[in-house]
Protein chains: 2
Amino acid sequence: MIPTQMLKGMLEGCILEIIRKQETYAYEISKLLEEYGFGEISEGTIYPIILRLQKSELVKATVRDSNSGPKRKYYRLTEKGTVSLNEFKDNWNELEHAINHLFTGGNEDA
Amino acid sequence: MIPTQMLKGMLEGCILEIIRKQETYAYEISKLLEEYGFGEISEGTIYPIILRLQKSELVKATVRDSNSGPKRKYYRLTEKGTVSLNEFKDNWNELEHAINHLFTGGNEDA
DNA sequence: TAGATGTATCATGCATTGCAAGGTACCTGA
DNA sequence: TCAGGTACCTTGCAATGCATGATACATCTA
């Protein structure tokens, strides 16, 4: 299981990418994150993130009826959201390279 | 530059790996992290991490003289440290796979 | 001799963020 | 009727990176 500390700073970008792929709502996002292999991400995690995304205008919401429960809030990316997502991808690549560089170097003592 | 939030939970494992490769001290670790591409990691970050590693007995220290300044505290991994490092590697792989799975899937709308 | 620079250690308090826990409310099926 | 799934949200805690500041040794230069 991925420790919660390692998820910090990751989930926001991942949720943006999920919304980019497909207009969707918070409850479904939590299911999708699990399917992608992030493990079970608490709703107490997801809702605050989405509120933040709305406040900073990276996503916009549309309320629609559901045929299996309460109304859903569907989210889609704004332009700012697309920019932010691209920045996240760049940062992720930087981190991935740094860590893989560190961990594939072998033992310097040898 | 990698945002600080994305480093949370990463640096501890990375510092363990640096120490595994080579017995070294905090000041040098900060230089090495920069060389590996993590950017400039503040000393206010590194020293607390190393104190934590010592308290949880993942590393042990040896004080030695330096010919270019104050004494250095050289760190080496304990057995617990090796175990912890391996756990970190597993967790990192999990995270890397999840994120790459998410970001290589293309647009589900298409 | 004095001061700047580089080396080397550590402590304090803040900001951010994931999460546990709890709350509300709708719909379906047993 | 009531349990379970769907769907939203809030509050307060814990962990961690970092800015800031302090201490101190060694070397070089004015």
Side-chain angles (χ1 to χ4, degrees), chain A residues 1-16 23-34 38-56 58-59 61-75 84 88 91 95 98-99, chain B residues 1-16 23-34 38-56 58-59 61-75 84 88 91 95 98-99:
Chain A
M1 220 205 51
I2 303 169
T4 114
Q5 289 300 329
M6 278 181 56
L7 290 173
K8 284 188 195 287
M10 304 294 168
L11 291 176
E12 181 170 318
C14 292
I15 288 174
L16 284 176
E23 205 184 37
T24 184
Y25 53 100
Y27 190 78
E28 192 178 43
I29 289 171
S30 76
K31 309 292 177 194
L32 288 171
L33 282 172
E34 187 150 19
F38 289 89
E40 197 185 319
I41 307 296
S42 155
E43 294 185 357
T45 298
I46 292 179
Y47 285 99
I49 290 179
I50 289 186
L51 286 179
R52 247 161 44 216
L53 294 177
Q54 277 185 283
K55 270 183 197 157
S56 41
L58 305 184
V59 302
T62 310
V63 178
R64 301 213 190 107
D65 282 338
S66 160
N67 53 355
S68 65
K71 293 187 177 187
R72 296 170 180 163
K73 275 182 152 179
Y74 284 84
Y75 298 97
S84 177
F88 172 79
N91 292 330
L95 178 69
I99 293 191
Chain B
M1 220 204 53
I2 303 169
T4 116
Q5 290 299 330
M6 278 182 57
L7 290 174
K8 283 186 195 290
M10 304 293 169
L11 290 177
E12 182 171 318
C14 293
I15 288 174
L16 283 176
E23 204 184 39
T24 183
Y25 52 100
Y27 190 78
E28 192 178 43
I29 288 171
S30 75
K31 309 292 176 194
L32 289 171
L33 283 171
E34 187 150 19
F38 289 90
E40 196 184 321
I41 306 297
S42 155
E43 296 182 356
T45 299
I46 292 179
Y47 285 99
I49 291 179
I50 290 187
L51 286 180
R52 248 160 44 216
L53 293 177
Q54 277 185 284
K55 270 183 196 156
S56 43
L58 305 184
V59 302
T62 310
V63 178
R64 300 213 193 109
D65 283 337
S66 161
N67 52 355
S68 65
K71 293 186 176 187
R72 297 170 180 162
K73 276 182 151 180
Y74 284 85
Y75 298 97
S84 177
F88 172 79
N91 293 330
L95 177 70
I99 293 191

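Lettering follows sequence order; numbering is per chain, from 1. From a predicted model like this one, the values you see are computed outputs, not experimental measurements. Every heavy atom of this structure was used, including side-chain atoms; hydrogens, water molecules and symmetry mates were not.
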Subject >> First of B:G44 and B:K8 reached from the 5' end of DNA chain C, by closest nucleotide >> reply: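 By nearest-heavy-atom nucleotide position, the 5'-most residue is B:G44.
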
Subject >> A:S66 or A:Q5, whichever maps to the more 5' nucleotide of DNA chain C >> reply: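 Nearest nucleotide further toward 5': that of A:Q5.
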
**OP:** List the atom of B:F88, the atom of B:G9, and the distance in Å for their closest heavy-atom pair.
**Re:**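 In this case the closest contact between B:F88 and B:G9 is CE1-O, 3.5 Å.
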
Original post:
Of the non-hydrogen atoms in A:V63 and A:K73, which two are nearest, and what is the gap between them?
Top reply: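 Residues A:V63 and A:K73, closest heavy atoms: CG2-CG, 3.8 Å.
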
**OP:** Using heavy atoms to find the nearest nucleotide of DNA chain D for A:N67 and B:L11 separately, return the residue whose nucleotide is more 5′.
**Re:**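 Comparing both residues, the 5'-ward one is A:N67.
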
Original post:
After noting the C-alpha distance and the side-chain angles of B:I15 and B:V59, does the key distance pass the side chain to side chain contact (heavy atoms under 4.5 Å, CB included) rule?
Top reply: CA-CA 10 Å; B:I15 288 174; B:V59 302; over 6 Å; no

Rounded to the nearest angstrom, tell me the gap between atom [atom1] in [X] and atom [atom2] in [N].
{"X": "B:Q54", "N": "C:dA11", "atom1": "CD", "atom2": "P", "answer": "10 Å"}
{"X": "A:L33", "N": "C:dC19", "atom1": "CG", "atom2": "C1'", "answer": "14 Å"}
{"X": "A:M10", "N": "C:dT16", "atom1": "CE", "atom2": "P", "answer": "18 Å"}
{"X": "A:E34", "N": "C:dC19", "atom1": "CD", "atom2": "P", "answer": "12 Å"}
{"X": "A:I29", "N": "C:dG18", "atom1": "CD1", "atom2": "P", "answer": "14 Å"}
{"X": "B:R64", "N": "C:dT9", "atom1": "CZ", "atom2": "C1'", "answer": "17 Å"}
{"X": "A:Y27", "N": "C:dC27", "atom1": "OH", "atom2": "P", "answer": "16 Å"}
{"X": "B:Y75", "N": "C:dT9", "atom1": "OH", "atom2": "P", "answer": "7 Å"}

**OP:** For A:E43, answer base if it contacts any base atom (sugar-phosphate contacts may also be present), sugar-phosphate if it contacts only those atoms, and nothing otherwise; contact means non-hydrogen atoms under 4.0 Å.
**Re:**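 Base, at least one base atom sits under 4.0 Å.
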
Original post:
Is A:T45 touching bases, backbone alone, or none of the nucleic acid, heavy atoms closer than 4.0 Å?
Top reply: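 It contacts base atoms.
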
**OP:** Take A:T45 and A:L7, measure what side chain to side chain contact (heavy atoms under 4.5 Å, CB included) needs, and give me the verdict at the end.
**Re:** CA-CA 11 Å; A:T45 298; A:L7 290 173; over 6 Å; no

**OP:** Give a yes/no answer on whether the side chain of B:Y25 brings an N or O atom under 4.0 Å of OP1 or OP2 in C:dA8.
**Re:**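 For C:dA8, OP1/OP2 do have a side-chain N/O of B:Y25 under 4.0 Å.
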
Original post:
Does a nitrogen or oxygen in the side chain of B:Y47 sit under 4.0 Å from OP1 or OP2 of C:dC10?
Top reply: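 B:Y47 to C:dC10 OP1/OP2: no side-chain N or O under 4.0 Å.
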
**OP:** Report yes if some heavy atom in the side chain of B:M6 is under 4.5 Å from a heavy atom in the side chain of A:M6; otherwise report no.
**Re:**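 No - every pair of side-chain heavy atoms lies 4.5 Å or more apart.
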
**OP:** Could you check B:L33, B:I29, B:T4 and say which one makes a side-chain contact (heavy atoms from CB on, under 4.5 Å) with B:I41?
**Re:**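 Between B:I41 and the candidates, side-chain contact (heavy atoms from CB on, under 4.5 Å) is satisfied uniquely by B:L33.
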
Subject >> chain A footprint on DNA chain D, 5' to 3' - any atom under 4.0 Å from a heavy atom >> reply: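 The contact span of chain A on DNA chain D goes from D:dT6 to D:dT16.
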
**OP:** Select one nucleotide: of C:dC19, C:dT7, C:dC10, the one nearest the side-chain heavy atoms of A:S42.
**Re:**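 Of the candidates, C:dC19 comes closest.
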
Subject >> salt bridge (Lys or Arg N to Asp or Glu O under 4.0 Å) between A:E40 and A:K31, worked out >> reply: CA-CA 8 Å; A:E40 197 185 319; A:K31 309 292 177 194; over 6 Å; no

